[in-house]
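Each remark here refers to the structure printed beneath this line.
Numbered from 1 within each chain, the chains take letters A, B, ... in sequence-line order.
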Amino acid sequence: MGLEEKLPSGFLLTTVEQAAGWVRKSSVFPATFGLACCAIEMMTTGAGRYDLARFGMEVFRGSPRQADLMIVAGRVSQKMAPVLRQVYDQMPAPKWVISMGVCASSGGMFNNYAIVQGVDHIVPVDIYLPGCPPRPEMLMDAILKLHQKIQGGKLGVNREEAAREAEAAALKALPTIEMKGLLR
Amino acid sequence: MSPITNEEAGSHSSARETTEGTVYTVTGGDWDEIVQSAARADDERIVVNMGPQHPSTHGVLRLILEIDGETVTEARCGIGYLHTGIEKNLEFRNWTQGTTFVTRMDYLTPFFNETAYCLGVEKLLGITDQIPDRATVIRVLLMELNRLSSHLVCIATGGMELGATTIMIYGFRDRELILDIYELITGLRMNHAFIRPGGLAQDLPPGAVDQLREFVKTMKKNLPEYDKLATGNPIFKARMQDVGYLDLSGCMALGATGPILRSAGLPHDLRKSDPYCGYETYDFDVPTTETCDSYGRFLIRLEEMRQSLRIVEQCLERLEPGPVMVADKKIAWPAQLAMGPDGLGNSLDHIRNIMGTSMEALIHHFKLVTEGFRVPAGQVYAAVESPKGELGVHVVSDGGTRPYRVHFRDPSFTNLQAMAAMCEGGQVADVIVAVASIDPVMGGVDR
Amino acid sequence: MSETQEPDHGNDTGASGPDGSGLPAPRAQGPEVIGVRKGMFGAASGGDTSGYGGLVRTVALPGASSRPYGSYFDEVADELEGALEEQDLLPENAIEKTVVDRGELTFHIAREHLVRVARTLRDDPALRFELCTGVSGVHFPGDKGRELHAVYHLRSLTHGRILRLEVSVPDGDPHVPSLVCVYPTNDWHEREAYDFFGLVFDGHPALTRIMMPDDWQGFPQRKDYPLGGIPVEYKGAQIPAPDQRRSYS
């Protein structure tokens, strides 16, 4: 039907990284990490109308040991922060984090003593998803963007190299406060 | 500390009592004695820590269960994992902005939080009687829709925690219909901040009434499906009946309200006993059961959804054209938005109209938006019957443009105290059922 | 806790009553002044070109009401006073002040008699306030000698009534008798008020923090505790936390 019909000998060449990325992105298992309002929208995404099953991701794992994606859905309090980190540490590598909603991403409107001002203080975040709460479509968009990121993931030495480059770039980056121009 | 007394011949180990409990000193050789005395000691206390991150604890609730085999001997809750400091944050925003915060407390019942808060502020201002009828009817309409959506989530997630995913899909299916209506009316699916001190942010958009009538029709068709799916289901009944038992005296002592109190047979409902928003003029029943258990609470929630639908129908009949904001221009947010040509922001014509016609109007608008209105000093308590029970709000003003103190008496918080009474002496698996029947929402518990 | 265990005043902290006794300051019957507000726009420095900077207003909560109170309030007050007299407790010793404001009845109760008043309100057949909706702490730093207020709302399902009890204590001696023995529902509510305001409820079975982590320092919802927000950075601009911004006073 497709490409494989035209292959002269039934072989298709690819790189190990691309094959691994393709396999990984197609079976992501999210851990349930519902905290607040966003958790309800996350459940809605898994339910009938939005049907996350279309992307092979409807099975939320109760145990972090079986999961490789943490969707931090909601505001993270100071009391919850150590718990969140523990759950993250229990997940097997490679693992990814989506910071769902503005509270998880930056503290949002709760700029106070109780809330951690951005979950990236505790765990590395791959995708920041704005909204209060984000619509289910937005969550799916974030997940698909994460799939693209996983597909392009590196392995072994290349991975270390990529991490070093990312760190160097982050260290060189201009702090937001020093940026000029319009507020956008 | 007593001296070690294992000098006797043939003894390889000894036990002594310390402040930490019994300590066995092993000197090698025979382990049987230790095993036997450990078995005799009968301190097989196992403490199970469920949560705060657990798929079945209804959010970030932490349950600390002391179990003996499968029996829960002692149960305690750990809460505060979602404490957001909303009450403190309110003190740094003006009165109108407060609705934006309170709507995020119990995120499944946003309209109840907003209404309770607004009723409190209006009582402080002394304008309770001046709220336009249309605003009150729409408030009731939204609250009853909200009762439906909250109960649907309770039944859906409660079912999922029992392992019944079908009922979860059903619940979320119908909740989506309600969320569509919210989105049409307020622009948002959750966290609306639509009900404001003095009335509403906006009137109903065109087409809302038609969609509501359509929804009532659909919902009347869908509601019996829960009956068919669950009410008579033997597995469902076996899991729910006589589980999470709390009788009337227990409810009264622990201050439980809402479906928990009504499942013990007392038809207490603030909508009847202490009516607000004109509930005394609506025709509806307060369902009760005598079972005091989770199954009874499930039946009550089902019946309340039917009654809410009745109230929604009555609201639709009562909607008369009119203002939705109090007439006092010192309180009413003056700008009625006109959508710009790109679908975003205010239209230029509207701005030209405001700015061109009256400088004073512009100043007034500026003052009201940036400063807000002042509320005379004093304190009030306003309460509404939320889907979970009595949602009370204690509002204190010091005469300023910001709340001095707002305290929410959230029904989930109070009802969750009953968890220990419901679970102790039962099975571990029944803890989940009991907690699901309390229907705590941690956003409301922790605030 | 039974009535025999009255709170032990001024036993630990340096007392902060106006006379240094650790007892709550005596209550005035007129409007209760809780602070003074100066200026208008929250600007502390710089020239006052508006003229509003000289504005001085006292902030006062409604004062004591005199009879008749109206509605069912007279009946409740009569019954309560009668029931207290039967227990050989002079009502004027227990009830410091009665305020009727915005259609709500408030009894200001002396803290040493709180438990007995609450028990009377719950048990007397003519009163029957069965449901306590918890305690709400309020911190008035300007109300010298009575900085911390514990506010209880009692609801009578039998008679369909509601009333408010208010107990105020000084910052230096924040002890209030616990109502858990009368209303077990107050268990978590009192823990919450302790957690946020540092109100110590004597006789509570386990008065520990409930919302904040156990090792948290301070009582976060008191007025002297900062909101704790951080400045938010945008491109080339910084917005201070809500409590650091200039605001209307």
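- In this structure, chain B has heavy atoms under 4.5 Å from both the backbone and the side chain of A:Arg75.
- For chain A, no part of B:Tyr170 is nearby; none of its heavy atoms comes within less than 4.5 Å.
- To the nearest 0.5 Å, atoms CD1 (A:Ile40) and OG1 (B:Thr157) are separated by 7.0 Å.
- For A:Arg159, the CZ atom sits in a loose shell: 12 or fewer heavy atoms of surrounding residues, nucleotides or ligands are nearer than 6.0 Å.
- Taking both residues in full, the closest heavy atoms of B:Tyr107 and A:Leu35 are given as OH-O, 3.7 Å, listed atom of the first, atom of the second, then distance.
- The six-membered or imidazole ring of B:His83 lies near that of A:Tyr113, with a centre-to-centre distance under 6.0 Å.
- Residues B:Gly85 and A:Ala114 approach most closely at N-CB, 4.0 Å, considering heavy atoms.
- At least one donor-acceptor pair under 3.5 Å links the side chain of A:Asn112 to the backbone N or O of B:Thr84.
- Taking all atoms of both residues into account, the shortest heavy-atom contact from A:Pro133 to B:Met190 is CG-SD, 3.7 Å.
- For A:Lys79 against B:Gly80, the heavy-atom pair with the smallest separation is CD-O, 3.6 Å.
- Heavy atoms of A:Ala39 lying under 4.5 Å from chain B are absent altogether.
- No part of A:Cys103 comes within reach of chain B, as not one of its non-hydrogen atoms sits under 4.5 angstrom from that chain.
- Smallest separation of non-hydrogen atoms from B:Ile86 and A:Phe110: CG1-CE2, 3.5 Å.
- In this structure, chain B has no heavy atom under 4.5 Å from any part of A:Phe60.
- More than 12 heavy-atom neighbours from other residues, nucleotides or ligands sit within 6.0 angstrom of CD on A:Glu137.
- Smallest separation of non-hydrogen atoms from A:Ser77 and B:Tyr81: OG-O, 2.8 Å.
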